[in-house]
Asks: 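Got a structure here, written out as structure tokens. Questions coming.
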Amino acid sequence: MSRDISPIPQGALALDPRVAEAPQARRGRGELRALADMALAMLLVGATAPLGEIALSGVPLFPALAVRLALAGLALAAFGGRAGEAERLSPRHWAVLALQALCGVVVFNAGLWLGMRESSPAAAGVFTSATPAVMAGLGMIFFGERPSARTATGIGLTVAGVLAARGVTGLAWSPGPSDALLLAAVCGEAVFLLALRWLPDWLSPLGAARRVTWIGLAMTAPLAIFQGLDEGLGSAGIGGVGAWLAVAALGVLVTAGGYVLWFRGVGSVRAGQAAALTGLMPVSAVLSSWVLLGAAPTPGQAMGCAAVGAGIWLAARKG
């Protein structure tokens, strides 16, 4: 579903260049803001793996995820009320929100966190390199969008960059046992990011993020209770200040902040642009792993991050 504005038709309105150029200028500024919002969202989401490593060092997976979502829901509720949400969502729209919660909350986080147990957080985050390609493919299938040559080149450069950052050279890649879980996380994230286009225009980014968060909490709460009781969450020695601080950061910054920023921008850009911007996730994973865990990036990861930047620049441009 392309949001591109068609050219102004010839006529009295188009005779004055100031009138004709004003909508394009406003749209250009709006698109730049949307791209900036989405880029920041992906930088926040990219910190999921290293923050998850810290959180899971003291808290079981599903209790950590449930508390994260509860904190995110409270943060989203504090951002604003129900302004602009007087209309009712149809059952189809609720199904889309449930699909987003299942794919982007449960599948993405469980797949990423479980998959990184057999690899480093940076490597797990870099595996999300497949997200731009998956998003571009889904954009073609569900929205009929064909990426331009420049956008396709940018997506290819993004994928090549993150594969280089993961240490893949040529065709010499041997999938590890955790790659199936990481691939499931990638597919879940791609579906989550694109499914917003099936929601009504009147639903605000805040309203969409809030609903997805609470639905995700409803999905994870039974698993959190079961795992918490099974592993003795209330007993001494479970948790730790650092682990719970990481859970809080995941809830307020990554989940609440990331959802609102992405939802606010994705409706104003092309699918190819959105796909390329997801390449910032592995870059953020590498850098945040360095800052939070002391895992310095390798030369291959540094070169891969540079390629990702070039790919995003290409894909974000028109043409």
Side-chain angles (χ1 to χ4, degrees), residues 41-72 104-131 162 165-168 175-186 188-189 192 216 220 223-224 227-228 230-233 237-259 278-298 300-302 304-305 308:
M42 291 298 97
L43 290 174
L44 289 171
V45 173
T48 298
L51 284 172
E53 173 82 358
I54 298 172
L56 295 183
S57 67
V59 185
L61 189 154
F62 287 108
L65 183 55
V67 173
R68 167 189 177 178
L69 293 171
L71 291 173
V105 175
V106 181
V107 173
F108 173 72
N109 287 287
L112 182 65
W113 288 355
L114 291 174
M116 75 183 182
R117 288 182 175 178
E118 298 183 25
S119 59
S120 69
V126 167
F127 196 92
T128 56
S129 60
T131 305
V162 286
R166 192 174 187 269
V168 178
S178 63
D179 286 342
L181 289 167
L182 295 174
L183 181 60
V186 167
E189 184 71 1
F192 166 79
T220 56
L223 297 171
Q227 188 178 27
D230 184 59
E231 299 190 20
L233 182 60
I238 298 294
V241 175
W244 287 112
L245 284 176
V247 171
L250 283 165
V252 177
L253 295 178
V254 176
T255 304
Y259 282 7
T278 61
L280 286 173
M281 281 194 293
V283 175
S284 175
V286 170
L287 296 179
S288 57
S289 295
W290 187 12
V291 173
L292 297 173
L293 303 175
T298 65
Q301 289 173 338
C305 290
V308 167

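None of the values given here were measured: they were computed from a predicted structure.
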Asks: Shortest non-hydrogen contact from Ser288 to Gly46?
Replies: OG-O, 3.9 Å
Asks: Ignoring hydrogens, what is the shortest heavy-atom contact between Ala64 and Val247? Give both atom names and the distance.
Replies: O-CG1, 3.6 Å
Asks: Distance check, rounded to the nearest 0.5 Å: Phe108 atom CZ versus Leu182 atom CG?
Replies: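 Interatomic distance, Phe108 CZ to Leu182 CG, rounded to 0.5 Å: 10.0 Å.
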Asks: Between Ser284 and Leu280, is there a donor-acceptor pair closer than 3.5 Å when you use the side chain of the first and the backbone of the second?
Replies: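 A pair under 3.5 Å: no.
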Asks: Considering only heavy atoms from C-beta outward, does the side chain of Thr48 approach that of Trp113 to under 4.5 Å?
Replies: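 Side-chain contact under 4.5 Å: yes.
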Asks: Is the shortest heavy-atom distance from the side chain of Val107 to the side chain of Phe192 under 4.5 Å?
Replies: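 No. Closest side-chain heavy atoms not under 4.5 Å.
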Asks: Run the side chain to side chain contact (heavy atoms under 4.5 Å, CB included) check on Leu56 and Met116 step by step: do they pass?
Replies: CA-CA 11 Å; Leu56 295 183; Met116 75 183 182; 4.2 Å; yes
Asks: Got a sec, which residues hit side chain to side chain donor-acceptor pair (under 3.5 Å) with Thr255, two or more places apart in sequence or on another chain?
Replies: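 For Thr255 the side chain to side chain donor-acceptor pair (under 3.5 Å) partners, ignoring immediate neighbours, are Arg68.
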Asks: For Glu189 and Leu112: C-alpha separation, side-chain torsions, deciding distance, then whether side chain to side chain contact (heavy atoms under 4.5 Å, CB included) applies.
Replies: CA-CA 10 Å; Glu189 184 71 1; Leu112 182 65; over 6 Å; no
Asks: To the nearest 0.5 angstrom, please state how far the CG atom of Leu61 sits from the CG atom of Asn109.
Replies: 8.0 Å
Asks: Considering all heavy atoms of both residues, which atom of Ala246 and which atom of Ile54 are nearest to each other, and what is their separation?
Replies: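 So the two residues come closest at CB-CG2, 3.8 Å.
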Asks: In chain order, what residues pass the side-chain contact (heavy atoms from CB on, under 4.5 Å) check against Leu223, with sequence neighbours excluded?
Replies: Phe62
Asks: Could you measure the distance from the CG atom of Leu250 to the CG atom of Leu245? Nearest 0.5 Å is fine.
Replies: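 Rounded to the nearest 0.5 Å, the CG-CG separation comes to 11.0 Å.
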Asks: Please report the shortest heavy-atom distance between Ala224 and Pro63, naming the atom on each side.
Replies: O-CG, 3.6 Å
